[in-house]
Amino acid sequence: MALTRRRFLAASLLTGGLLAGLSAHASQKPLRTGKTRQKLVVATWPNYHSAENLKQFTEQTGIAIELRIFGSNEEMMAHLLTGRSGFDIVVATNYAVNAYGRMGLLRPLRMAHFPNWDEASQQARFLAVVSNERRYFGLPKNWGTTGFVYDRRQFADPLRSWLQFWDLTRGKASRHAVVHDYQLTTIGNALKYFGYSFNSNKPIELDAAERLLMSSRPHLKAISSLAYDQMRAGAWLSMAWSGDGVLLNRENPNWHYVIAEEGGEIWADYFCITRECAQVSEAEAFIDFLLTPAHNAREVIAHGFPPIDQRVLPLLPETLRSNVIMFPPEEQLRPLEFGSRETLTHPRRADILAKLKAAPG
């Protein structure tokens, strides 16, 4: 992923008394850390947090929050591997949580230090994918899907598949199509063209994906994870995360988000504490603050991705609860795959994406 991994226009959803209601619901006694003003550094994605939550946490605790914005889990990992990243907390995707945990880059969480955490309220599928013998390295933030957005005015028939996406990229949509600057999704969705697993690392299947990508390269408008910006700048077709789909469709109903019928990715992001964090109690306090249902609801409103904590759902406006991009039917989710830990560090995948980006457009 390049710069924007998640985007959403919160202002378009904050109607009526929603903010006032959440503020009343979220009010609580100030947290006490027993220390003077400090700072936590959080490695995360763009436009992915409620500014009101960050402000309130700092007011209640005296702890400033510095966000370090990243475009991919691979970028984040490169900094963590130095042991001098300066990160206290990382917001990592499911497959990265597993990889970072195995590498010793994260602290196992002290569950008793998260009083606002309620395991029974979490959707089980998003706990199972990151649990390690009941030791958690991350607590859920939210989830989403990876598909594509297209401009319905440019195509005679509805688009439903990765087969159509790639064929149109090399055909009618030549120079108007965008793929992610992110190996997991760009290679994964090329694999789906052939009916292979999104996570395949089989040499023969990666070879096929590489051929498809390289044959598509001259036809691409851009290699970018900025689906929102790219569609507004004239793209007809772009890989996208579901939050981009929510935003784009609200801005223009002709921009339609698709979960491809062959499948693709379902993902979730998690709050993790780094091994190098020296302010563990403060990091735990920040995560626990955001796990409060009312604060979690503010996060969802700010970025447009659905919560994993079911306690949050009644706190969301109906415009979000009824949005089928945020909450697709289960039959659309069934073919989707969580990214696997092995894909994060697979050298062949890294090589394919590097080759794609280096090729002339």
Side-chain angles (χ1 to χ4, degrees), residues 1-7 45-47 69-78 93 95-96 144-151 154 159 162-194 196 198-200 205-245 247-248 255 257-258 260 264-265 267 339 343-361:
M1 298 176 219
L3 179 63
T4 295
R5 187 172 190 274
R6 319 277 192 239
R7 300 181 67 98
W45 317 114
N47 304 304
I69 305 304
F70 283 85
S72 73
N73 290 283
E74 290 88 340
E75 283 182 72
M76 199 179 288
M77 181 179 67
T93 308
Y95 73 106
T145 62
T146 306
F148 63 88
V149 175
Y150 73 96
D151 187 337
Q154 304 298 335
L159 306 188
W162 289 117
L163 181 68
Q164 291 171 304
F165 178 95
W166 291 108
D167 285 347
L168 287 167
T169 292
R170 296 174 296 168
K172 179 180 174 62
S174 180
R175 309 305 296 180
H176 294 283
V178 178
V179 301
H180 278 162
D181 183 10
Y182 184 36
Q183 66 89 351
L184 178 75
T185 50
T186 292
I187 296 172
N189 294 328
L191 288 162
K192 297 310 298 180
Y193 179 88
F194 302 99
Y196 300 145
F198 180 84
N199 290 301
S200 177
E205 296 179 358
L206 288 176
D207 287 346
E210 180 180 353
R211 288 192 296 271
L212 175 61
L213 290 170
M214 297 308 295
S215 68
S216 301
R217 180 65 184 96
H219 300 279
L220 295 176
K221 178 181 185 292
I223 299 173
S224 168
S225 298
L226 301 169
Y228 175 79
D229 295 341
Q230 292 292 336
M231 293 298 291
R232 297 184 85 210
W236 297 356
L237 186 64
S238 178
M239 287 186 188
W241 286 282
S242 48
D244 286 323
L247 170 58
L248 286 163
W255 288 331
Y257 179 77
V258 175
E265 184 191 23
W267 53 265
T343 62
L344 182 64
T345 56
H346 198 278
R348 180 80 174 93
R349 280 177 165 253
D351 179 68
I352 291 172
L353 185 64
K355 185 176 178 180
L356 177 70
K357 292 169 69 174

Roughly how far, to the nearest 0.5 Å, is [atom2] of [Y] from [atom1] of [X]?
| X | Y | atom1 | atom2 | value |
| --- | --- | --- | --- | --- |
| Glu265 | Phe198 | CD | CZ | 4.0 Å |
| Leu226 | Asp244 | CG | CG | 8.5 Å |
| Arg175 | Thr169 | CZ | OG1 | 11.5 Å |
| Leu344 | His346 | CG | NE2 | 12.0 Å |
| Gln154 | Leu237 | CD | CG | 10.5 Å |
| Gln230 | Leu248 | CD | CG | 11.0 Å |

Report yes or no: is the cationic atom of Arg170 (NZ for Lys, CZ for Arg) closer than 6.0 Å to the six-membered ring centre of Tyr193, at no more than 45° off its axis?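 Yes, a cation-pi geometry holds between Arg170 and Tyr193.
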Would you say the side-chain atoms of [X] pair up with the backbone N or O of [Y], donor to acceptor, closer than 3.5 Å?
| X | Y | answer |
| --- | --- | --- |
| Ser238 | Ala240 | no |
| Tyr228 | Leu247 | no |
| Tyr182 | Ser72 | no |
| Ser215 | Leu212 | yes |

Heavy-atom side-chain proximity of [X] to [Y] below 4.5 angstrom:
| X | Y | value |
| --- | --- | --- |
| Met239 | Val178 | no |
| Tyr257 | Thr145 | yes |
| Trp166 | Val179 | yes |
| Leu184 | Asn199 | yes |
| Phe148 | Asn189 | no |
| Thr93 | Trp45 | yes |
| Arg348 | Glu210 | yes |

For the residue pair [X] and [Y], what are the closest heavy atoms and their distance?
| X | Y | value |
| --- | --- | --- |
| Leu206 | Ile187 | CD2-CG2, 3.9 Å |
| Asp151 | Trp255 | OD2-NE1, 3.7 Å |
| Ser174 | His219 | OG-ND1, 2.8 Å |
| Arg349 | Gly188 | NH1-N, 4.2 Å |

Classify the ring geometry of [X] against [Y]: parallel below 30°, tilted from 30° to 60°, perpendicular beyond 60°.
| X | Y | result |
| --- | --- | --- |
| His180 | Trp241 | parallel |
| Tyr196 | Phe194 | parallel |
| His176 | Trp236 | parallel |

Please enumerate all residues that pass side chain to side chain donor-acceptor pair (under 3.5 Å) together with Ser216, with sequence neighbours excluded.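 Partners of Ser216 by the side chain to side chain donor-acceptor pair (under 3.5 Å) criterion come out as none, since no residue qualifies.
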Apply side chain to side chain donor-acceptor pair (under 3.5 Å) to Asp351 and list each qualifying residue two or more places apart in sequence or on a separate chain.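 If we apply the side chain to side chain donor-acceptor pair (under 3.5 Å) test to Asp351, skipping adjacent residues, there are no hits.
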Tell me whether the centres of the aromatic rings in Tyr95 and Trp267 are closer together than 6.0 Å.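 Not close enough - the centres of the two rings lie 6.0 Å or further apart.
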Scan Ile223, Leu356, Thr186 and name whichever one has a side chain to side chain contact (heavy atoms under 4.5 Å, CB included) with Asp181.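 With Asp181 as partner, side chain to side chain contact (heavy atoms under 4.5 Å, CB included) holds for just one option, Ile223.
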Could you note down all residue pairs passing salt bridge (Lys or Arg N to Asp or Glu O under 4.0 Å) where residues 217-228 supplies at least one of them, sequence neighbours left out?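 Listed once each, the pairs would be none.
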